[in-house]
**Q** 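One structure coming up, written as structure tokens, with questions to follow.
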There are 2 protein chains.
Amino acid sequence: MSDVARVAGVSLVTVSRAINEPDKVAPDTLAAVRAAVEQLGYVPNLTAGSLASNRSRIVAAIVPTISNLVFSETIEALAQTLADGGYQLLLGQSGYRAGDEATLVDTFLGRRVDGLVLTGNAQSPALRAKLKRAGVPVVQTWDLPTPPNAPIDMLVGFSNLEAGKAAAQHLIDRGHRALAFIGAEEDRSRLRLEGFRAVAAAHGIGDVQSELIRPPALIDDAGPRLAQILARRPDVTAVFCNNDLLAAGVLFECVQRGWQVPGRIAVLGFGDLAVARAASPRLSTVLIRRAEMGEHAGQMLLARLSGQSTGADLIDIGFEVVTRAST
Amino acid sequence: MSDVARVAGVSLVTVSRAINEPDKVAPDTLAAVRAAVEQLGYVPNLTAGSLASNRSRIVAAIVPTISNLVFSETIEALAQTLADGGYQLLLGQSGYRAGDEATLVDTFLGRRVDGLVLTGNAQSPALRAKLKRAGVPVVQTWDLPTPPNAPIDMLVGFSNLEAGKAAAQHLIDRGHRALAFIGAEEDRSRLRLEGFRAVAAAHGIGDVQSELIRPPALIDDAGPRLAQILARRPDVTAVFCNNDLLAAGVLFECVQRGWQVPGRIAVLGFGDLAVARAASPRLSTVLIRRAEMGEHAGQMLLARLSGQSTGADLIDIGFEVVTRAST
DNA sequence: GTGAAAGCGCTAACAC
DNA sequence: GTGTTAGCGCTTTCAC
């Protein structure tokens, strides 16, 4: 930077300003600095800038895994929104392990990230306390506060419990009473199952067969799990899959068996991934606005970081049961 | 840090050492420092550390999009490998735009990342030059050097051209002569098409129908594109899809039409995603070791960063045509 | 095994 | 509009 200053015939600060606040510099000076930057191939050291300004322009996000379209689409939108606001995304994967999440948070705090995006709101009391003490803006995603857990700071999500309830209601409305659930061994999936079971019970349906796959729950788990459910209870007529990809796997399994969907068995998905619109039959599903969630998370952070208080610190983006041909 | 030093009754350097090189500190001193850290809730500022040591312990990766299972699984493995080596991953998405890639590289260089992972090897001469000048370790992925492009530094990939050739050969071996291709408007997809066409031509097949989808190529594009191909050439008997998800879309389209696969039309996928093993019929596909690619990229960087020269700076991980039931 | 001194490359605050 | 001064919180080097 001092080389640039010397070549341009100005001081260090002026170079700094020419780069960071160009309109506070005279046009001629600006041109001279830019020429020098170009000539020398100068690349400003953002690390030094971060240290001096106490702002890193980095936001970190922690997801269970990026290899799940459901999360990757949220992250994609988040990264895009942040990039447009001049922030970079540092990515952490917890692998659904709470311990790893805590470790990641430590590292990220050490890097003095300007904001943090978390998945879910089941963080441990210790972690919540640490985050509050650190004073970093935090956005939790993919869930609403599930009592007794209050939001750590900001939040954008939907009720997984209610989504599970709506799924059950959708199937029961269509006359199904022998219900099954295929999901993952994971907080949000369990909440949906809880809601699913609650509504079933309210309709006098006590026996809801369920299969919980240890993450990652891949599409090729779906067929075998359906088979296991049917082995226990051959008369099942409707299955709620916690992910459209799993639902597609179930559809393929039905093709294999020569079963009609929804004639022999109805299939309800979750997410409204592109596969739901491409499947045959078209998949009924619980639509989640994943990209919108990432965008909201990014915008909440940007608003906070630019000193504006948005007011809306808790957004329920809801969900929607989309009825297509599979139920 | 000076608070910790005071409480522990040692100097700043000792605190630094206790944290970064614990075995170079006497056990008692170490215990005292750790107690002080704990008591004060001290979180070391890694930004300051980076500035002083000139190592950020951050590696950046640029992919076209994270919302494509093909890339996200590579990134997942990369992030995991790096994390195990004490490095974090900074993520950039180029959206398949070369300009965005260059901008991202600038920012990452500004952050003094310790390494860079790029997708493909079609970077512009200007970008290649800049990276070489910067002296950062770079790993290119997902391709072999396509002349005249030499590797920038290290590389792990496979030949997309050869993969396309193998795909054509696979279909031709099974008696197909009316071939079609569904892919994306994107470098690697185009290379595969080129190889596909070359082998077809060598067998006297001049008319290969193709549909190139503007990214992101989603599964729900597959059906309509297949329809367009068939509108132009109804007698097509085999289609090579550049992604297993697209292939699954084609399978669903065939279910819709009541067509037998491979009886009426054979379908060959790409990637060997989980969906290939779950589809009905099971999908023949070109297997790419995506996770392995991410792991290799991470290990090459770690080796370089730890001062070891691995020797192997160019890895061809190859591909494999997996024959299942759809061809 | 531990410490004192000297930066790393920038920006904040204030002066002019 | 531009410059001077004083750090940001660590690590490095070299003594001891």
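Note on naming: letters A, B, ... go to the chains in the order of the sequence lines (proteins, then strands), and numbering restarts at 1 for each one. What you are looking at is a predicted structure, and each value in this text was computed from that prediction instead of being measured. Note: hydrogens, waters and symmetry copies are ignored here, and every other heavy atom, side chains too, is used.
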**Q** Determine: side-chain N/O of A:S16 to OP1/OP2 of C:dT11, distance under 4.0 Å, yes or no.
**A** yes
**Q** Apply side-chain hydrogen bond (donor to acceptor under 3.5 Å, both in side chains) to B:D106 and list each qualifying residue two or more places apart in sequence or on a separate chain.
**A** B:K130
**Q** What is the 5' to 3' range of DNA chain D, first to last nucleotide, that sits under 4.0 Å from any heavy atom of chain A?
**A** D:dG1 to D:dG9
**Q** Can you list everything that forms a ring-ring contact (aromatic ring centres under 6.0 Å, His included) with B:F108? Sequence neighbours excluded, please.
**A** none
**Q** What parts of residues 19-27 of chain B reach DNA chain D, counting only heavy atoms under 4.0 Å away?
**A** B:N20
**Q** Quick check: on DNA chain C, is the nucleotide nearest B:S11 upstream (toward 5') of the one nearest B:R112, or the reverse? Name the residue that is more 5'.
**A** B:S11
**Q** Any salt bridge (charged side-chain N to carboxylate O under 4.0 Å, His left out) involving residues 2-13 of chain B? Give me the pairs, sequence neighbours left out, ordered by first then second residue.
**A** B:D3-B:R6
**Q** In residues 44-51 of chain A, which ones come under 4.0 Å of DNA chain D, going by heavy atoms?
**A** A:L51
**Q** Does C:dT2 have its OP1 or OP2 closer than 4.0 Å to a side-chain nitrogen or oxygen of B:T29?
**A** yes
**Q** Hey, are the side chains of A:V33 and A:L30 touching, using non-hydrogen atoms and a 4.5 Å cut-off?
**A** no
**Q** What nucleotide, of C:dG3, C:dG1, C:dT11, holds the atom closest to the side chain of A:A52?
**A** C:dT11
**Q** Taking side-chain hydrogen bond (donor to acceptor under 3.5 Å, both in side chains) as the definition, give me every residue that meets it alongside A:T65, ordered by chain and number, with sequence neighbours left out.
**A** B:E76
**Q** Checking only heavy atoms, does the side chain of B:R17 share a donor-acceptor pair with the base of C:dG3 at less than 3.5 Å?
**A** yes
**Q** With sequence neighbours excluded, tell me which residues meet side-chain contact (heavy atoms from CB on, under 4.5 Å) with A:A134.
**A** A:L109, A:V136
**Q** How long is the line joining CG of B:L30 and C1' of C:dG1, in whole Å?
**A** 12 Å
**Q** Going by side-chain contact (heavy atoms from CB on, under 4.5 Å), name the residues that satisfy it together with A:R17, two or more places apart in sequence or in a different chain.
**A** A:V13, A:E21, A:V25
**Q** What is the separation between atom CG on B:L12 and atom P on C:dG1, rounded to the nearest whole Å?
**A** 20 Å
**Q** List the atom pairs, donor and acceptor, that lie under 3.5 Å between side-chain atoms in residues 36-49 of chain A and the rest of the protein, sequence neighbours left out.
**A**
unit_1	atom_1	unit_2	atom_2	d
A:N45	OD1	A:T47	N	2.8
A:N45	OD1	A:A48	N	3.0
A:T47	OG1	B:R111	O	3.4

**Q** Among residues at least two apart in sequence or on other chains, which ones pass side-chain contact (heavy atoms from CB on, under 4.5 Å) with B:A83?
**A** none
**Q** Kindly write out the residues that satisfy side-chain contact (heavy atoms from CB on, under 4.5 Å) with B:Q123, not counting sequence neighbours, or none if the list is empty.
**A** B:E101, B:L118, B:N121, B:L127, B:R128, B:Q140, B:I152
**Q** Look at the side chain of B:T81 and the backbone N and O of B:A77, then say whether any donor-acceptor pair between them is shorter than 3.5 Å.
**A** yes
**Q** Taking for each residue the nucleotide of DNA chain C with the nearest heavy atom, is it B:G9 or B:N54 whose nucleotide lies nearer the 5' end?
**A** B:G9
